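The model shown is predicted, which means the values in this text are computed figures rather than measured ones.
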Amino acid sequence: MGLTKQYLRYTASAVFGVIGSQKANIAYVTLRGGEKGRYVAVAACEHVFIWDVRKAEKVLILQGNKQEVTYLCPSPDGVHVAVGYEDGAVRIFSLLNGESNVSFSGHKSAVTVIRYDALGARLVTGSRDTDVIVWDVINECGLYRLKGHKDAITQALFLKDRNLLVTSSKDTFVKWWDLDTQHCFKTMVGHRSEVWGMALLNQEGRLLTGSADSELRAWDICYLQGGQEVGEPRVKKVKGLLDEDDEVEEGLDESPEERILSCEKAGSILRESRDRVVSMTTDAKAKVLACHGTDAVLEVFTVLPQEEVQRRRERKLKKAKKAARSKGGEEAVEPQVERKLGDEIVRMANIKASSKIRSVDCLLSPSGEMKVALLLQNNTVETYTLKTTEKSPQANKTSRLTLSGHRTDVRTLAFSSDNIAMLSASSETVKVWNRSTLQVIRTMACEYALCSLFIPGDRQIIIGTKSGKIQIFDLASGRLLETTDAHDGEMWSMCLSPDQRGIVTGGADKTVKFWEFELIKDLESGQNKRLTVKHTRTLQLDEGVLCVRYSPDQRLLAVSLLDCTVKIFYTDTLKFFLSLYGHKLPVLCLDISHDSALIATGSADRNVKIWGLDFGDCHRSMFAHDDSVMFLQFVPKTHLFFTAGKDKKIKQWDADKFEHIQTLEGHHREVWCLAVSPSGDYIVSSSHDKSLRLWERTREPIILDEEKEMEREAEFEESLAKGEEPVVPGETKGEAGPAGKKTIETVKAAERIMEAVELYREESKKLEEHREACEAAGKQLPPPRTNPILIAFGNISPSRYVLDVIKKVKSSELEVSLLVLPFPYIPDLLSLFNRFIRDGSEVELVCRCLFFLLRVHFGQISSNQMLLPVIDDLRSNTISKVQEIRDLLGFNSAGLQFLQREIESREDVMFFADATDRFEEKKRKRKKRERAVLTIT
């Protein structure tokens, strides 16, 4: 069947105008060995932008898909950055080439926190779905899911020297997890409101938490090993000396968690801000702490080292002794100096940003210079430097990224007549962009803009403001030429007359005014003439005007009013012609087709109606968006039109067939307006997410049935994502569970594995029949025809094809894909695994699949007598082959160490010397601490 009418697809071309999205954080990154503190990573809707703050340039874009970025975390080695998304996915990008090769899918909703461990081998993610998942970055798979919190996770921190994890949540709890046993061994309940941030200080000997009040609470952590305390000594309620074993045990066995660590409140620090903590961060060595609330002030504290704290205590003690001697003579009582938290964590400075702070990151150089990067809520990034070595340091602003975006929402857009320039205007500025390079040509300060257009000739632009004024700007000089009072209230709409001699404006003061362009002498220059507008006529109405449009033949004028109707007047006499009524809420937007035959109206009642302009009859009413329809415009010289809604979507419609053609998804907040270029090849749209998006018409045709099928698939995937996480049969739900989740990819992967096993069965059956036929005939018969799939893959064997299919499944999705497989496929897979291990093919991958299937289907496998020989063979083959691989790895490791020693002795060069020395020093200190005898009073 041929296409009766061909539509061309519009695709996303670029995202611009956004510097940093408000949903995610900001993070310092290092790029290709560049200096630290020069590059910052910020989310930009679904992408991640890497900015060079020194040059104010975008140097790298980490391309996302559709979902908005919600969290960023650079790896410890600075080579990768982990990115969390709104749908719960996590992707790891390389900062060398901007590509992503590793992705994890386990959460059901937005990722709220990501943290690497000290080595960068594991990743912990927390989400709004209340789960915490630990991922293995090297093997690219999920380790386990930790459950226990009752609200969104706000922070998660690995402890470097111990296999422990601490998490905080909006449920007011802080939980400690033992990752060896995957259970929560301690829950801190000392907060009365949501815990919004955490930081570890003093070599992980102190935990600082921030909640919804002005206090930062500090907790002393005491780690216990073998019945003895490790780390900072603390006062315990145990009488006697430590070397009396019975009393030590009595003190340590107060509760199960006391065997791992104990956590006691050490005090609190008062912030100057009275609202909640939004984010809290420290530098890499936890020497400086920075936190902020919902205001524009960043509070910076310095964490004094133990030596400095001790010196301060000694000075205070000396002063106290001197004061005591002066009062009570020589035999005065020995004074005691109380240990205060304020002596250890000291306020350094406050940094006042230009707007409310959304996120912060900081770096501390060895010289004591602190670099601070702030992501602000008005689409701006600011950086500051602070000299921590000074007595009272002052913050100096070093850069501010503002040029490539608006500070507030863009409420009006327009294209120039040659399709090259685009205009965007917000409450503060109007910017003109080059469409091909997406660079800002001009930025001009204006009042709150609601409507705009290019004046014919594209040398001037005209803006309608919220205060009812008309502002005219000259593009060449960027100068405001004239401001004219037009309406007493908001000027909601403006339209250029088809003869290009003037404009018509509509405002909240219930009037429609007609204006003509005029050239007058410029009083400033005294020579050149400049453009102005002259008021000619006024149409007085009964309600406020929301939108005005000329018909292209300039015969009629359509006006939408607050009474939910659209009134149509003759342009020449201003006599009433038609009234279009039917919308239940006011009509926010309308447009008239190029042949003046149709008028389309979009309303706050979420409907779009198409009317005939000859008799005013309603051709069709269509439910268009899930929220108010904010903007509507016809594609030039067609009966196709676009609508933009508060439901974050842009849709294309056919006004003749009343069909929905295409949905353009990309914006993450309400879409305020759009503009179609005069050629119809481009669309630009703006949203509350601060981004401007360019859409381009391609040569690819749209087939409506395929579009509907794609929509159904998207709905199916969404329903999968909302389903329950996979449950391993025979295992009860507890604190720990499988990390992955069932997605359309895992279902497809399971289907591919099943198809491969079925192909293996068919080929095995054909070979068996061929062997029997040869035996019956007593001679060699021609072999059976090979499956075309096997020939396409290089004439491989059926068993090798099964292994190749399993290898192609993403490591992070492998276990969930195997969980979907029905049991009838398992015996064949076990037999194949036995063969793969015996031949030494992908032993590590096969063992991982084997152990998972044995754990999942243990009951059915152990009760099946036919599988006992296979399991017995698997046991012996697996043990011998794994031992062989371990021996090989050990031999290779010893050989490399031998080569290292040989090169070091021959070349007089020490490889890894610094790292080894540091490790040995840390080991010695730990042993010394463990041997120390603490006198407890």
Side-chain angles (χ1 to χ4, degrees), residues 16-20 22 56 296 352-356 374 376-382 397 399-416 420-435 437-455 457-494 503 505 507-508 515 517 520 522-525 528 530-533 672-673 675 684 686-692:
F16 62 104
V18 60
I19 294 170
Q22 305 309 302
K352 182 77 167 69
S354 59
S355 181
K356 290 182 178 178
L374 299 177
L376 306 183
Q377 289 190 358
N378 65 348
N379 193 27
T380 308
V381 170
E382 290 182 349
K397 187 187 293 186
S399 64
R400 187 167 187 249
L401 304 182
T402 57
L403 184 64
S404 53
H406 288 273
R407 308 282 72 74
T408 52
D409 292 358
V410 172
R411 302 307 291 257
T412 175
L413 296 162
F415 264 101
S416 63
I420 292 175
M422 299 180 294
L423 178 156
S424 62
S426 65
S427 64
E428 298 174 353
T429 56
V430 53
K431 290 178 182 282
V432 180
W433 308 77
N434 183 315
R435 180 191 50 75
T437 63
L438 302 179
Q439 298 297 315
V440 179
I441 302 169
R442 284 280 180 274
T443 299
M444 297 158 281
C446 68
E447 293 188 25
Y448 199 124
L450 294 177
C451 49
S452 64
L453 52 86
F454 278 88
I455 292 174
D458 298 332
R459 293 183 180 180
Q460 295 92 12
I461 56 175
I462 190 165
I463 302 289
T465 71
K466 193 174 182 179
S467 58
K469 294 183 176 67
I470 292 175
Q471 291 189 313
I472 303 174
F473 293 88
D474 180 55
L475 278 185
S477 62
R479 189 163 57 96
L480 174 63
L481 298 178
E482 184 176 323
T483 300
T484 305
D485 290 325
H487 294 270
D488 293 333
E490 296 91 342
M491 186 194 297
W492 289 115
S493 185
M494 177 192 301
I503 57 171
T505 60
W515 310 79
F517 296 131
I520 61 170
D522 193 350
L523 297 177
E524 289 185 17
S525 61
N528 300 327
R530 67 171 177 82
L531 191 79
T532 185
V533 286
W672 295 128
C673 58
V684 63
S686 74
S687 165
H688 184 49
D689 62 16
K690 300 289 194 303
S691 72
L692 300 172

What residues, two or more places apart in sequence or in another chain, satisfy salt bridge (Lys or Arg N to Asp or Glu O under 4.0 Å) together with [X]?
| X | value |
| --- | --- |
| Asp474 | none |
| Lys397 | Glu382 |
| Arg459 | none |

Distance in Å, [X] [atom1] paired with [Y] [atom2], rounded so as to fall on 0.5 Å steps:
| X | Y | atom1 | atom2 | result |
| --- | --- | --- | --- | --- |
| Gln471 | Thr465 | CD | OG1 | 6.0 Å |
| Ile461 | Phe454 | CD1 | CZ | 6.5 Å |
| His406 | Lys690 | NE2 | NZ | 11.5 Å |

Check side-chain hydrogen bond (donor to acceptor under 3.5 Å, both in side chains) between [X] and all other residues, then give those that pass, not counting sequence neighbours.
| X | value |
| --- | --- |
| Thr505 | His487, Trp515 |
| Glu482 | Thr484, Arg530, Thr532 |
| Arg435 | Tyr682 |
| Asp689 | Ser687, Ser691 |

| Arg407 (side chain) donor-acceptor with Asn379 (main chain) under 3.5 angstrom | yes

| Worked check of side chain to side chain contact (heavy atoms under 4.5 Å, CB included) between Val533 and Phe517 | CA-CA 5 Å; Val533 286; Phe517 296 131; 3.8 Å; yes

Shortest non-hydrogen contact between [X] and [Y], atoms and distance:
| X | Y | value |
| --- | --- | --- |
| Met494 | Ile462 | SD-CG2, 3.6 Å |
| Tyr448 | Arg411 | OH-NH1, 3.8 Å |
| Ser467 | Glu447 | OG-OE1, 2.7 Å |
| Ala476 | Arg442 | O-NH2, 2.6 Å |
| Ser686 | Leu692 | CB-CD2, 3.4 Å |
| Gly478 | Met444 | O-CG, 3.4 Å |

Can you list everything that forms a side chain to side chain contact (heavy atoms under 4.5 Å, CB included) with [X]? Sequence neighbours excluded, please.
| X | result |
| --- | --- |
| Ser355 | Leu376, Asn378 |
| Gln22 | Arg358, Gln377 |
| Asp488 | Asp509 |
| Ser452 | Thr412, Ala414, Leu423, Ile463 |

| Residue pair Ile472, Ile455: steps toward the side chain to side chain contact (heavy atoms under 4.5 Å, CB included) verdict | CA-CA 9 Å; Ile472 303 174; Ile455 292 174; 4.1 Å; yes

| Those residues that, when tested against Phe16, pass ring pair (Phe, Tyr, Trp, His ring centres under 6.0 Å) (two or more places apart) |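 Expected list: Trp433.
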
| query | Does the side chain to side chain contact (heavy atoms under 4.5 Å, CB included) test come out yes or no for Thr380 and Arg400, once each step is laid out? | reply | CA-CA 7 Å; Thr380 308; Arg400 187 167 187 249; 3.7 Å; yes

